[in-house]
Amino acid sequence: MALFIQPGLTAQKSLQPKKYPITNDYIINQRVLGLGVNGKVLECVHRASGEKRALKVLKDNPKSRREVDLHWRTCSHLNIVNLKDVYEGVFLGHKSLLVVMECMEGGELFDRIQRKRHGFTEREAAEIMRSICLAINHLHNMNIVHRDIKPENLLYTNDTDAGILKLTDFGFAKEVKGTLQTPCYTPYYVAPEVLGPETYDLSCDLWSIGVITYILLCGYPPFYSTGGAPISPGMKKRIRQGQYTFPDAEWANVSSEAKDLIKQLLKTDPAQRLKIGEVLQHPWIASYQKVPQTPLVSVSVLQDEKEVWHDVQEEMSHALATMRVDDKVTKIKTMSDAKNSLLEKRRAKKKEK
Ligand code: I85
């Protein structure tokens with residue numbers, strides 16, 4: 001008997017963009033808040049409330065529609081940038097999707113850390129990582145993978161101590177088929193690789209969490225290229241082989257729990273990497289309030305290395321892009337694997353009869 005568990009079937013209200021001019025509801029300012037790969041982000045003001053908000057201008061195409069749809073379905077979480085309104089129509093001569101978000105006035109995560117003058121502790125780092133993990137957990141529970149978790153996409157609501165860290169930009173996010181959603185076979189005969197690639201898909205977000213944790217704790221990334229080029233063959237090799245260290249100068253006083261978490265996240269074999277649920281249960285995250293308040297050197301490293309921060313961000317973006325491409329290649333491989341195993345199972349079934 002096949003088990004049909006289909007959580008995907010629960011009716012989901014998909015987003016209907018408004019078709020009237022955005023200018024009825026918003027005053028659009030010239031101030032550019034950010035430049036994304038897919039569109040720019042402008043400041044705007046909600047006429048009815050006087051609230052400042054952020055407007056992301058996207059080309060209206062299926063990819064952008066997917067971005068907005070995934071963001072819309074997930075943005076009720078405290079650690080995901082809230083979506084307020086979406087409009088469709090012609091904007092500056094182009095068919096556009098106009099995405100209005102809450103305005104994150106605290107800016108990017110690492111800019112804020114750089115501005116810290118009263119030191120930055122391991123406990124604060126753990127607290128930051130916990131908010132990021134809560135956002136990812138929300139996405140992964142819905143079988144959505146973000147695939148672009150990097151410093152520029154982590155923004156603070158405001159610049160006070162009460163500021164909340166949130167994840168943004170669903171431009172590379174995708175929904176992965178939940179293993180329970182598509183039972184076109186009886187589970188008794190299912191080969192592990194047929195169930196496989198799903199859990200795999202989500203694991204690239206966990207690698208990103210590992211890299212961000214590492215940078216938070218020491219101020220530089222675990223893998224970096226030597227000499228100019230944004231991503232060198234040597235760096236690629238080190239990423240692939242998981243070659244990184246915890247140099248004593250910055251890491252001597254960092255807790256072994258933190259290092260253990262990083263080691264379990266930067267596993268080269270995605271199957272061995274922790275799942276997001278396991279990260280939330282890891283002592284360094286679960287008991288973040290008990291993490292030692294050891295001062296970290298990351299603030300001064302980030303301040304001293306301001307010129308290379310741009311390169312660090314570029315390297316991470318490039319590495320993420322490579323991972324998304326590799327993901328496609330793996331998919332093709334696993335598909336042929338799956339076909340072979342189905343064949344084997346058919347033979348096995350015949351023998352039984
Ligand atoms: N507010 N990646 C880097 C920004 N509020 N920003 C980026 N993709 C997005 C820009 C380029 C992220 O989807 C982005 C997206 C959305 C935002 C966004 C959303 C909501 C903001 C690309 C700000 C801001 C506002 C006031 C002040 C400040 C920043 O960016 C600052 F602190 F910098 F002064």
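Just so you know, ligand 1 is whichever comes first in the structure, and atom 1 is the first atom listed for that ligand. Sequential numbering from 1 along the given sequence is applied to the chain's residues.
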Exercise. Among residues two or more places apart or on two chains, list those pairs meeting ring pair (Phe, Tyr, Trp, His ring centres under 6.0 Å) that have a residue in residues 24-44.
Key: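 Found Tyr26-His46.
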
Quiz item: Just checking, is any N or O donor in the side chain of Asp25 or Tyr87 under 3.5 Å from an acceptor N or O on the other one?
Solution: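 Per modelled atom types, Asp25 and Tyr87 side chains form a pair under 3.5 Å.
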
Quiz prompt | Cationic tip of Arg112 above Tyr156 ring, under 6.0 Å, 45° of axis | solution =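 Output yes; distance and angle both within limits.
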
Quiz item: Can we call the ring centroids of His146 and Phe170 under 6.0 Å apart?
Solution: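 Yes; Phe170 has its ring centre under 6.0 Å from that of His146.
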
Exercise. Measure from the ring center of Tyr220 to the ring center of Trp309 and say whether it is less than 6.0 Å.
Key: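 Ring-ring flag for Tyr220/Trp309: false, centres at least 6.0 Å apart.
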
Exercise. Taking only Lys NZ, Arg NE, NH1 and NH2, and the carboxylate oxygens of Asp or Glu, determine whether Arg65 and Asp69 approach each other closer than 4.0 Å.
Key: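 Looking at Asp69 together with Arg65, the answer is no, because their closest N to O distance does not fall below 4.0 Å.
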
Quiz item: Using a threshold of 4.0 angstrom between heavy atoms of the protein and any atom of ligand 1, which residues qualify?
Solution: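 Residues within 4.0 Å of ligand 1: Arg31, Leu33, Gly34, Leu35, Gly36, Val41, Ala54, Lys56, Met101, Glu102, Cys103, Met104, Glu105, Gly106, Gly107, Glu152, Asn153, Leu155, Thr168, Asp169.
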
